There are 2 protein chains.
Amino acid sequence: MVTAPSESQRNRRPSMLDVAQAAGVSKAAVSKVIRNAYGVSPEMRRKVELAIETLGYRPSVAARSMRGASFTIGFEIPQLGNDFFTQVMQGAADELAGSGYQLIIAPAMGEVKGAPVLDALVDRQVDGFVAISPEVEPEWLERLGKTIPIVLLGRHDKSTNYDTVTNDDAAGARLVMDHLIELGHRDIAHLTIHAYPQAAENLVPHEIRRRVYAESMSRKGLDARVTYSGPLEPDAYQAAFRLLSEPNRPTAVFAANDTLAIGALRARTELGLTAEELSIVGYDNIDLAAHPIVSLTTVDQFGRESGAKAIRLLLDRIQGRTEARHEMITPELRVRASSRFATMQLF
Amino acid sequence: MVTAPSESQRNRRPSMLDVAQAAGVSKAAVSKVIRNAYGVSPEMRRKVELAIETLGYRPSVAARSMRGASFTIGFEIPQLGNDFFTQVMQGAADELAGSGYQLIIAPAMGEVKGAPVLDALVDRQVDGFVAISPEVEPEWLERLGKTIPIVLLGRHDKSTNYDTVTNDDAAGARLVMDHLIELGHRDIAHLTIHAYPQAAENLVPHEIRRRVYAESMSRKGLDARVTYSGPLEPDAYQAAFRLLSEPNRPTAVFAANDTLAIGALRARTELGLTAEELSIVGYDNIDLAAHPIVSLTTVDQFGRESGAKAIRLLLDRIQGRTEARHEMITPELRVRASSRFATMQLF
DNA sequence: ATGAAAGCGCTAACAT
DNA sequence: ATGTTAGCGCTTTCAT
């Protein structure tokens, strides 16, 4: 599979030694100039900078980070193409701009999720990382957190070795359910993604939303209907299509995130149904939700802000903080055209 | 700005030496086991693997890449949140899955675009990178290409030191214009992003599309109307809103990419116009374009395929190929509901 | 203010 | 089959 790359007749990049020789000084001197360290004469600085310039020298991060920092921040996302994650990354990238740190994003590739990517990031000497990994085990993270600064997004565990930024998923889900019930809906289905094997312990956003859904339903004496699908829009479309094709289709769908809601919207449209016949509510408030052709009722969980907050916590930790911090963001309902009053039931 | 991270009381990761000592062997032996190199007895392998396991040892990529490869592929994107780029990344990520290489994505952050990020990638010892950087100068890339394998997406220059994967933008734009003219449109506006200062030399996709637009118009004796906006959907929305609010609004808009087209669609919807009154055609065929609530006529330029192809070329180059390869993808028109016959003109 | 030299964690060439 | 050793490019004492 992996074959060693041929370094054949490639031009070698100039090293610090090359610069030192070109400037007629020592490596240590060059290093000091680069790091703005104490004790360099203007004359020395001039010479060295000239040599750097003419040789087009750039320090090797790999070599540097063997001693100190790499000034690289990792960001793991479970999936490419989820607009909410994109929002979070935008917030992170903006927050990091001009900080001197470089952001690198590592998508969990293929079937392998979570931990391997985080390892890969750590192996690459990032100074810390932000992750959206509901699937990794807390114990594993606790251990890793002793080694490197970590901020986890969307996890409700109260860790001691890493920070978390979460959204109050229970409150958000309640906003949705209250909204739908107020609109008179009684047959509300929940569309969510397959549960992770180890998600049992109440820590994962989708799991919390599902539970609140179930509780809200049973409290009103209504029957819960949960439909599971894959995480992508086409998956949700198919699942929703099947659900809505059933003879006793629900009058409302609470989709556990906006990507799923968009899939449900496609199914609704293709089946010739309107918001009057089927309300759809999502979760995330992706940018597209506010688009008038979509106009999706959803829960705003402030993705950009979360991303920015995560970066701030991480930089803090990199600066030396060791006690864990756990920030919770309060979500808000955005009512739009995709949810309507329940129409007359025929029974 | 940048302060050195405190390495305070962090746990050090075990090094190869730790493993060697724990197993009672030499570092070289450990290295050989890790790399599956020739000459390790089953007994040795067992001991070493046990030590690795119990210590939780992971090799440092930084140290490794100082000698050989880092098995890391970089992917630069100019912008977070453009669905077409996401498509390309998905193609790349899928192609790379299981190859032993880790993909890291570096978004061009803040106002600084292009080159600095590529430098950052190279500094981090990637074994090669794919970039979507219309803004960097070819000469600069030619020089860098001598140092490291590079594949550029969407650039039409015939480089000798890096590969390119492009879409036939001229053909694609012609598909759009022919389509709109066939539908009877005569007042067609073009919505595109601000030209880059150095984009003059015909190499950049949007520039090519704009030129074909202008040529098509003048060939038919029609007046060209080009509106420029920023790259994001809200930018396009605003620009389109102004354009469509003019007394003599066009009957069709050719948006230079789908993100812009979605913005135009928002403006059209908010102004209460329908496809009958204003046709909109995009470029890219992002997934959303096929959604029935959007149903955007657009040009499919096979993003996932491009991403996959770029990775294949890159891995090739990493294996040793040195002659440049330039692959061109032929785009296809996808006619959907956003474009209609031009309605009666009042003049 | 400047430089020599040790060492970071690894690989690879060379012994044994 | 296994170990020794010399770097890779940098930072960091410690001399000068």
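Chain letters run A, B, ... following the sequence lines, proteins first and then strands; every chain starts at 1. Bear in mind the structure is a predicted one, so any value in this text is a computation, not a measurement. The basis for the numbers below is simple: all heavy atoms, side chains too, and nothing from hydrogens, waters or symmetry mates.
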### Query
Does the distance from a Lys or Arg side-chain N to an Asp or Glu carboxylate O, for B:Arg58 and A:Asp119, drop under 4.0 Å?
yes
### Query
Which residue lies toward the 5' end of DNA chain D, B:Gly39 or B:Ala63, if each is placed at its nearest nucleotide?
B:Gly39
### Message
If the threshold is 4.0 Å, N to carboxylate O, is there a salt bridge linking B:Arg321 and B:Asp316?
### Response
yes
### Task
Evaluate the criterion side chain to side chain donor-acceptor pair (under 3.5 Å) for residue pair A:Arg64 and A:Ser60; output intermediate values, then yes/no.
CA-CA 6 Å; A:Arg64 290 186 93 163; A:Ser60 148; over 6 Å; no
### Query
Can B:Asp163 and B:Arg317 be counted as an ion pair, charged N to O under 4.0 angstrom?
yes
### Query
Any side-chain N or O of B:Arg64 under 4.0 Å from OP1/OP2 of C:dT11?
yes
### Nearest-angstrom distance from the residue atom CZ of A:Arg67 to P of C:dG7
9 Å
### Query
Which of the following nucleotides, C:dC10, D:dG9, D:dC10, is nearest to the side chain of B:Ser60?
C:dC10
### Task
Provide, to the nearest angstrom, the distance between the CZ atom belonging to B:Arg35 and the C1' atom belonging to C:dC10.
9 Å
### Task
Test side chain to side chain donor-acceptor pair (under 3.5 Å) on B:Arg124 and A:Ser70 and set out the steps.
CA-CA 8 Å; B:Arg124 278 159 187 79; A:Ser70 67; 5.8 Å; no
### Query
Under 4.0 Å between a side-chain N/O of A:Tyr38 and OP1 or OP2 of D:dT12, yes or no?
no
### Task
Please name the residue in the list B:Val151, B:Leu96, B:Asp127 that meets the side chain to side chain contact (heavy atoms under 4.5 Å, CB included) test with B:Leu314.
B:Val151
### Task
Look at all strands and tell whether A:Ser31 reaches a base, only sugar-phosphate, or nothing, counting heavy atoms closer than 4.0 Å.
base
#### Entry: Validation row: B:Tyr57, B:Ile34 side chains within 4.5 angstrom (heavy atoms)
yes
## Note on the structure
From CE of A:Met16 across to C1' of D:dT11 the rounded distance in Å is 8 Å
## Note on the structure
Whole-Å distance, A:Gln125 CD to D:dT11 P, equals 14 Å
#### Entry: Distance, rounded to the nearest Å, where B:Arg13 contributes CZ and C:dC8 contributes C1'
13 Å
#### Entry: Integer-rounded Å distance: C:dA1 P and A:Arg46 CZ
17 Å
### Message
Output the rounded distance in Å from CE (A:Met66) to C1' (D:dC8).
### Response
9 Å
Check nucleotides 3-5 of chain C against the protein and report each pair of N or O atoms closer than 3.5 Å, with its distance, or say if there are none.
unit_1 : atom_1 : unit_2  : atom_2 : d
C:dG3  : OP2    : A:Ser26 : N      : 3.1
C:dG3  : OP2    : A:Ser26 : OG     : 3.4
C:dG3  : O6     : A:Lys32 : NZ     : 3.2

### Task
Compare side-chain N and O positions of A:Ser41 against OP1 and OP2 of C:dT2 and report whether any pair is under 4.0 Å apart.
yes
### Message
Expressed as a whole number of angstroms, how long is the span from B:Ile34:CD1 to C:dG9:P?
### Response
13 Å
